[in-house]
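As structure tokens, the structure follows; a few thoughts come after it.
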Amino acid sequence: MAVCSVMHGPLCIFVLILVSLGTSVSMAPKRSIFHFSPTRKWNTSSATVPASAAKYHVRYYTQILDHFTFVPESYQTFQQRYLINSDHWGGASTNSPIFVYAGNEGFIEWFTENTGFMFDIAPQFKALLVFIEHRFYGHSMPFGSQKAANSNSSTQGFLSSAQALADFATLIIDLKKNLSAEDSPVVIFGGSYGGMLAAWFRLKYPHIAIGAVSSSAPILYFDNITPPASFDNTVSQDFRSESENCFQVIKGSWNVIDNMTSTAKGLKSLRKALRICKSNSDNDIAGYLSEWFYEAYYTAAMTDYPYAANFVQPLPAYPVKQMCKAIDNPSGSTDLLSQLYGATNVYYNYTGSSSCFDILPTDPHGEAGWQC
């Protein structure tokens with residue numbers, strides 16, 4: 001309660017609500033529609049900075065390479081990017097709060113423009129909004145380039161959550177000093193991996209942040225703590241809750257796909273039925289088709305919003321429901337490949353702008369280097 005004595009009433013209530021939130025664990029089904037969890041091989045040539053929708057100013061902070069050792073190499077620096085919005089900030093003189101987003105594995109604009117909650121509540125709390133890009137992603141690249149940063153294990157060793165949290169801490173402290181806002185309370189926000197960072201930041205740096213909003217954050221998803229199949233089981237349950245038939249069709253499709261990709265005749269049938277682009281070779285289909293399906297299912301489950309959205313790519317409201325509808329009530333033939341085409345068409349071609357599917361992995365959000 002000591003926090004409340006030095007905070008504005010509404011912000012105090014807000015933080016108390018945050019610390020009272022718990023997590024629930026549901027029983028995962030015994031059977032999963034998925035049979036592997038692939039490691040991405042990115043085509044980084046497709047990475048682009050998204051068009052600006054939210055209002056912000058771009059700033060850079062000179063960040064040190066290593067916060068935890070004290071050798072000359074540790075003091076190398078790189079430019080860490082952050083975005084700032086002060087439209088509703090009440091200013092340092094009133095100790096108005098600073099809301100900080102803990103950047104994830106990608107361009108910081110991607111997360112900024114899909115984090116409407118912070119912009120929604122900023123006027124009420126008269127908050128300054130700050131979005132910090134994660135080291136090794138976007139334009140916050142040590143060693144001068146993405147290629148150099150990921151060139152070997154020695155350089156990649158500086159990509160860690162501990163280093164990222166220390167980056168956030170030093171940047172926040174310096175920013176508050178420059179704004180003469182040392183007494184402005186800080187709340188950390190984040191989702192998914194960023195949500196993990198937000199929760200850990202509050203635990204590791206309680207003298208900097210008074211609270212954290214940790215959304216969809218798998219903070220216990222580690223070996224010997226959470227069963228490794230929990231994620232796939234949860235995705236499976238999402239589809240099964242919509243339709244038992246949908247679940248069974250997808251579950252049974254993996255062996256069919258594996259068998260068909262092992263023969264020339266099967267590859268030809270897959271290319272035709274799924275409208276795979278001519279630029280994709282038979283080896284591409286054999287090597288990436290299962291992963292292409294997997295990405296559609298798990299991402300639809302993760303972004304199963306009750307409204308149309310464009311976070312990962314354009315999707316309808318309740319995309320899992322729509323994918324299952326395409327399987328349960330196909331518009332054309334009722335064979336398996338037609339059902340699978342209908343489902344993936346919802347995910348990959350909701351806008352109807354694609355005449356064929358390029359199944360090779362791409363990296364539109366700057367996630368290269370991230371390991372699932």
Side-chain angles (χ1 to χ4, degrees), residues 1-23 56 59 61 63-64 67-68 80-86 88-92 94-105 108 111-112 115-135 140 160-220:
M1 289 299 182
V3 169
C4 295
S5 64
V6 295
M7 294 168 54
H8 297 297
L11 183 59
C12 174
I13 295 172
F14 178 59
V15 172
L16 290 178
I17 291 173
L18 299 184
V19 299
S20 70
L21 294 177
T23 58
Y56 49 75
R59 298 287 185 267
Y61 176 73
Q63 188 64 262
I64 65 170
H67 297 275
F68 304 111
Q80 183 166 28
R81 193 166 56 137
Y82 65 99
L83 312 181
I84 191 165
N85 178 296
S86 60
H88 303 287
W89 193 37
T94 59
N95 294 338
S96 293
I98 301 173
F99 292 167
V100 177
Y101 186 89
N104 304 41
E105 66 285 6
I108 191 60
F111 303 104
T112 303
T115 309
F117 179 60
M118 291 176 65
F119 287 92
D120 289 344
I121 64 175
Q124 178 182 354
F125 293 102
K126 299 182 179 179
L128 177 70
L129 303 182
V130 181
F131 299 81
I132 307 176
E133 193 164 66
H134 196 296
R135 59 167 56 202
S140 300
S160 70
S161 58
Q163 295 282 5
L165 293 175
D167 286 344
F168 299 160
T170 55
L171 192 156
I172 292 168
I173 291 172
D174 192 74
L175 178 64
K176 292 180 70 175
K177 181 179 179 181
N178 288 338
L179 296 173
S180 300
E182 288 90 343
D183 294 328
S184 290
V186 172
V187 178
I188 306 294
F189 293 75
S192 190
Y193 169 53
M196 299 167 77
L197 293 173
W200 293 335
F201 190 93
R202 168 60 181 152
L203 293 172
K204 189 172 180 64
Y205 300 99
H207 60 294
I208 297 177
I210 62 168
V213 180
S214 181
S215 177
S216 300
I219 57 175
L220 298 180

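All heavy atoms count here, side chains included; hydrogens, waters and symmetry mates do not.
- No donor-acceptor distance shorter than 3.5 angstrom exists from the side chain of Asn104 to the backbone of Ser192, with no hydrogens or angles considered.
- Annotation for Ala169 and Phe201: closest pair N-CE1, 3.6 Å, computed over non-hydrogen atoms.
- Looking only at atom types and distance, the side chain of Asp167 has a donor-acceptor partner in the side chain of His67 under 3.5 Å away.
- Between the Ser184 side chain and the Pro97 main chain, no donor and acceptor come within less than 3.5 Å of each other.
- With rounding to the nearest 0.5 Å, the separation of CG in Asn178 from CZ in Arg59 is 11.5 Å.
- When all heavy atoms of Ala212 and Ala198 are compared, the pair lying nearest together is CB-O, 3.4 Å.
- Residues Phe168 and Gly103 approach most closely at CZ-N, 3.7 Å, considering heavy atoms.
- You'll find the side chain of Phe125 reaches within 4.5 Å of the side chain of Phe99, heavy atoms only.
- Expressed to the nearest 0.5 Å, how far CG of Leu171 lies from CD of Glu133 amounts to 11.5 Å.
- Two residues are said to be in side-chain contact when any heavy atoms from C-beta on lie closer than 4.5 Å; Phe68 and Gln163 meet this criterion.
- Side-chain atoms of Ile172 and Tyr82, non-hydrogen and from C-beta on, never get closer than 4.5 Å to each other.
- Atoms CG and CD1, on Leu83 and Ile108 in that order, are 6.0 Å from each other to the nearest 0.5 Å.
- Using a 4.5 Å heavy-atom cutoff, the side chains of Phe131 and Tyr56 are not in contact.
- Contact check for Ile188 versus Val213: no side-chain heavy atoms found under the 4.5 Å cut-off.
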Verdict with supporting geometry, Ser215 and Phe117, side-chain contact (heavy atoms from CB on, under 4.5 Å): CA-CA 11 Å; Ser215 177; Phe117 179 60; over 6 Å; no

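- Ring planes of Tyr101 and Phe111: parallel class, angle under 30° (limits at 30 and 60°).
- One finds the CD atom of Glu182 at 10.0 Å from the CG atom of Asn95 (value rounded to the nearest 0.5 Å).
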side-chain contact (heavy atoms from CB on, under 4.5 Å) evaluation trace for Leu197 with His134: CA-CA 10 Å; Leu197 293 173; His134 196 296; 3.7 Å; yes

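- Pairing each heavy atom of Ser96 with each of Trp89, the nearest pair is O-NE1, 3.2 Å.
- Here OG of Ser214 is found 13.0 Å from CZ of Arg202. Values are rounded to the nearest 0.5 Å.
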Steps toward side-chain contact (heavy atoms from CB on, under 4.5 Å) verdict (Ile84, Leu129): CA-CA 6 Å; Ile84 191 165; Leu129 303 182; over 6 Å; no

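- Heavy-atom contacts from other residues, nucleotides or ligands closer than 6.0 Å to NZ of Lys204 number 12 or fewer.
- Taking CZ of Arg81 as the reference point, atom OG of Ser140 lies at 6.0 Å (rounded to 0.5 Å).
- Two residues are said to be in side-chain contact when any heavy atoms from C-beta on lie closer than 4.5 Å; Ile210 and Val186 fail this criterion.
- Two residues are said to be in side-chain contact when any heavy atoms from C-beta on lie closer than 4.5 Å; Tyr61 and Thr170 meet this criterion.
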Residues Thr94, Lys126; criterion side-chain contact (heavy atoms from CB on, under 4.5 Å); working and verdict: CA-CA 10 Å; Thr94 59; Lys126 299 182 179 179; 6.0 Å; no

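- For the pair His88 and Leu128, the minimum side-chain heavy-atom distance is 4.5 Å or more.
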